[in-house]
Amino acid sequence: MERTASGPQTPESATDREDAAPESAPEGGGPATARVPAPRPGAAGPGVRTEADRPAGRKPPRRPGAHAGRTPWIYLAPALVVLGGLLVYPIYQLGLISFLEYTQAQVSGGEPTSFQGFANYTALFSDGQFWQVLLATVVFAAACVLATLAVGCALAVLLTRVRALPRLALMLAALGAWATPAVTGSTVWVFLFDPDFGPVNKVLGLGDFSWTYGRYSAFALVLLEVVWCSFPFVMVTVYAGIRAIPSEVLEAASLDGASQWRTWRSVTAPMLRPILVVVTIQSVIWDFKVFTQIYVMTNGGGIAGQNLVLNVYAYQKAFASSQYSLGSAIGVVMLSILLAVTLVYLRLLRRQGEEL
């Protein structure tokens, strides 16, 4: 019998033979399966922990941001509860009343409230005056939004060009207009353009011209007042956005020979697009549902309702005519239009790849 000389086996040599062991066939002649060696502790290298290095029975550590997504909602929960009570419930009541027969007789308890379905909406959409008021509201709101954005952005750029003292004076004047209540501001503007005592007619030499008598002149007067009390929000917001733009970007545009208008159109405006989205949506909402200025300055909608907008029209139907269900239907239509405009605008921006 031959004897083979074998030296002392070290752990490394034993392990190497295990790793290099040939494939073994299972009983019954089935296909051979390869033996996968178990990972050795510390095989991944120094400072790297693997599953084999973890003590038995210990759970893997949690990732630091596993529940970080819930934290903002926890902080927002109290505000969402308050907003839900102040917004969701009134909207629910508005929609409910629009499907009922709810007039002064039902309010006083003289007659029971009955479900009418879409009868109020059918009566509203078949009224020719509603479509006239809707068209006037859309045109008036669009003009107010464009004028407000133009004035606010122009003055925001001006604030970046003037010195500290004129900038402070302009900011204080704008904030004073913004803080003025709508009723007070409307009354002051009516006095300024009064045909008998107003200084504007005297300075312009218009005599006893009445700004609120004609339909278009009355709308123009209200537009000026709306822009006057709305542009400070746009001005302050856009000015803050301009100050956040790196000065190197504007200096590079100036060195390239770009004019002020080209710099605004090609450099500043694209960088301010998220801010412009916010101020545009806010202006659309505010100007579409304007009420106080029209009601005060045109004495409830002008002569024969020539200056009516949807908000004043809904007020007349609900409180002047005691048709509360019809007024609620107008409110639902206004809410639907504003939601549709906002969602379409945001969708168009997302299609263009803008991050909001």
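These numbers were taken from a predicted model, which means no experiment stands behind them.
Contact annotation: the side chain of Asp287 approaches that of Ser230 to within less than 4.5 Å [non-hydrogen atoms, C-beta and beyond]. Between Phe191 and Val188 there is no side-chain heavy-atom pair separated by less than 4.5 Å. Contact annotation: the side chain of Tyr295 never approaches that of Val183 to less than 4.5 Å [non-hydrogen atoms, C-beta and beyond]. Side-chain contact between Ser186 and Ile294: absent, with no pair of heavy atoms (C-beta onward) separated by less than 4.5 Å. Inter-residue side-chain proximity for Val226 and Trp286 is flagged as unmet; no heavy-atom pair is nearer than 4.5 Å. Contact check for Pro246 versus Glu251: no side-chain heavy atoms found under the 4.5 Å cut-off. The side-chain heavy atoms of Leu272 and Val238, taken from C-beta on, include a pair separated by under 4.5 Å.
Heavy atoms of other residues, nucleotides or ligands lying less than 6.0 angstrom from OH of Tyr213 number 12 at most. Few gaps surround CZ on Phe291; more than 12 heavy atoms of other groups in view lie less than 6.0 Å from it. Crowding of Phe115 atom CZ: a count of heavy atoms from other residues, nucleotides or ligands under 6.0 Å exceeding 12. Around the CZ atom of Arg262, the shell of radius 6.0 Å holds no more than 12 heavy atoms that belong to other residues, nucleotides or ligands.
Each of Ile303 and Phe209 belongs to its own hydrophobic cluster when Ile, Leu, Val, Met, Phe, Trp and Tyr are linked at side-chain heavy-atom distances under 4.5 angstrom. In the hydrophobic clustering of this structure, Val139 does not group with Leu223; members are Ile, Leu, Val, Met, Phe, Trp, Tyr whose side-chain heavy atoms approach within less than 4.5 Å, directly or through other members. Val277 and Leu146 are not part of a single hydrophobic cluster, where members link through side-chain heavy atoms under 4.5 Å apart. Residue Val151 is grouped with residue Leu175 when hydrophobic side chains (ILVMFWY) are merged at heavy-atom distances under 4.5 angstrom, including chains of intermediate members. Note: the hydrophobic cluster containing Phe288 does not contain Ile91 (ILVMFWY, side chain heavy atoms under 4.5 Å, direct or indirect links).
Smallest separation of non-hydrogen atoms from Ser283 and Val234: OG-CG2, 4.2 Å. Here the closest heavy-atom approach between residue Gly300 and residue Gln316 is recorded as O-NE2, 2.8 Å. For the residue pair Leu221 and Met297, the shortest heavy atom distance occurs at CG-CE, 3.5 Å. Nearest heavy atom pair, residue Thr212 against residue Gln306, reads O-NE2, 4.3 Å. Nearest heavy atom pair, residue Glu225 against residue Ala182, reads OE2-O, 4.4 Å. Heavy atoms only, all atoms of each residue included: Trp264 and Pro270 are closest at O-CD, 4.1 Å.
In this structure, Asp194 contributes its side chain and Asp196 its backbone to a donor-acceptor pair below 3.5 Å. Looking only at distances, a side-chain donor or acceptor of Ser217 sits under 3.5 Å from a matching main-chain atom of Gly214. A donor-acceptor distance shorter than 3.5 angstrom exists from the side chain of Gln106 to the backbone of Thr103, with no hydrogens or angles considered. Judged by distance alone, the side chain of Asn299 and the main-chain N or O of Gly302 form no donor-acceptor pair under 3.5 Å. Side-chain N or O atoms of Ser98 include one that pairs as donor or acceptor with a backbone N or O of Gly95 at under 3.5 Å. Between the Ser266 side chain and the Thr263 main chain, no donor and acceptor come within less than 3.5 Å of each other. Side chain of Ser114 to main chain of Glu101: no donor-acceptor pair is present (N/O by atom type, distance under 3.5 Å, no hydrogens or angles). Gln116 contributes no side-chain N or O that, together with a main-chain N or O of Tyr102, makes up a donor-acceptor pair within less than 3.5 Å. With Thr160 contributing its side chain and Val157 its backbone, the two residues share a donor-acceptor pair below 3.5 Å. Asn201 places no side-chain N or O within donor-acceptor distance of the main-chain N or O of Asp208, the cut-off being under 3.5 Å.
The line from CG of Asn120 to CZ of Phe125 is 11.0 Å long, rounded to the nearest 0.5 Å. Atoms CZ and CG, from Phe99 and Leu94 in turn, are 10.0 Å apart once rounded to the nearest 0.5 Å. Here the CZ atom belonging to Phe130 is positioned 12.5 Å from the CG atom belonging to Leu308, to the nearest 0.5 angstrom. With values rounded to the nearest 0.5 angstrom, Thr187 atom OG1 is found 10.5 Å from Gln293 atom CD. Interatomic distance, OH of Tyr121 versus CZ of Phe118, reported as 7.5 Å (0.5 Å rounding). Rounded to the nearest 0.5 Å, atoms CG (Asn311) and OG1 (Thr292) are 8.5 Å apart.
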Working for side-chain contact (heavy atoms from CB on, under 4.5 Å), residues Thr237 and Val278:
CA-CA 9 Å; Thr237 307; Val278 173; 5.9 Å; no

Mind running side-chain contact (heavy atoms from CB on, under 4.5 Å) on Val145 and Leu149 for me, showing each step along the way?
CA-CA 6 Å; Val145 170; Leu149 292 177; 4.0 Å; yes

Between Asp127 and Tyr313, is the side-chain contact (heavy atoms from CB on, under 4.5 Å) condition met? List the steps.
CA-CA 12 Å; Asp127 186 5; Tyr313 183 62; 2.8 Å; yes

Would you sort out whether Met271 and Val249 count as a side-chain contact (heavy atoms from CB on, under 4.5 Å), showing the intermediate values?
CA-CA 10 Å; Met271 299 185 71; Val249 177; 4.1 Å; yes

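Below 30°, between 30° and 60°, or above 60°: for Phe319 and Tyr315 the angle between ring planes is between 30° and 60°, a tilted geometry. By the 30° and 60° cut-offs, the orientation of the rings of Phe219 relative to Phe140 is tilted.
Remark: the Gln104 side chain and the Tyr324 side chain contain an N/O donor-acceptor pair separated by less than 3.5 Å.
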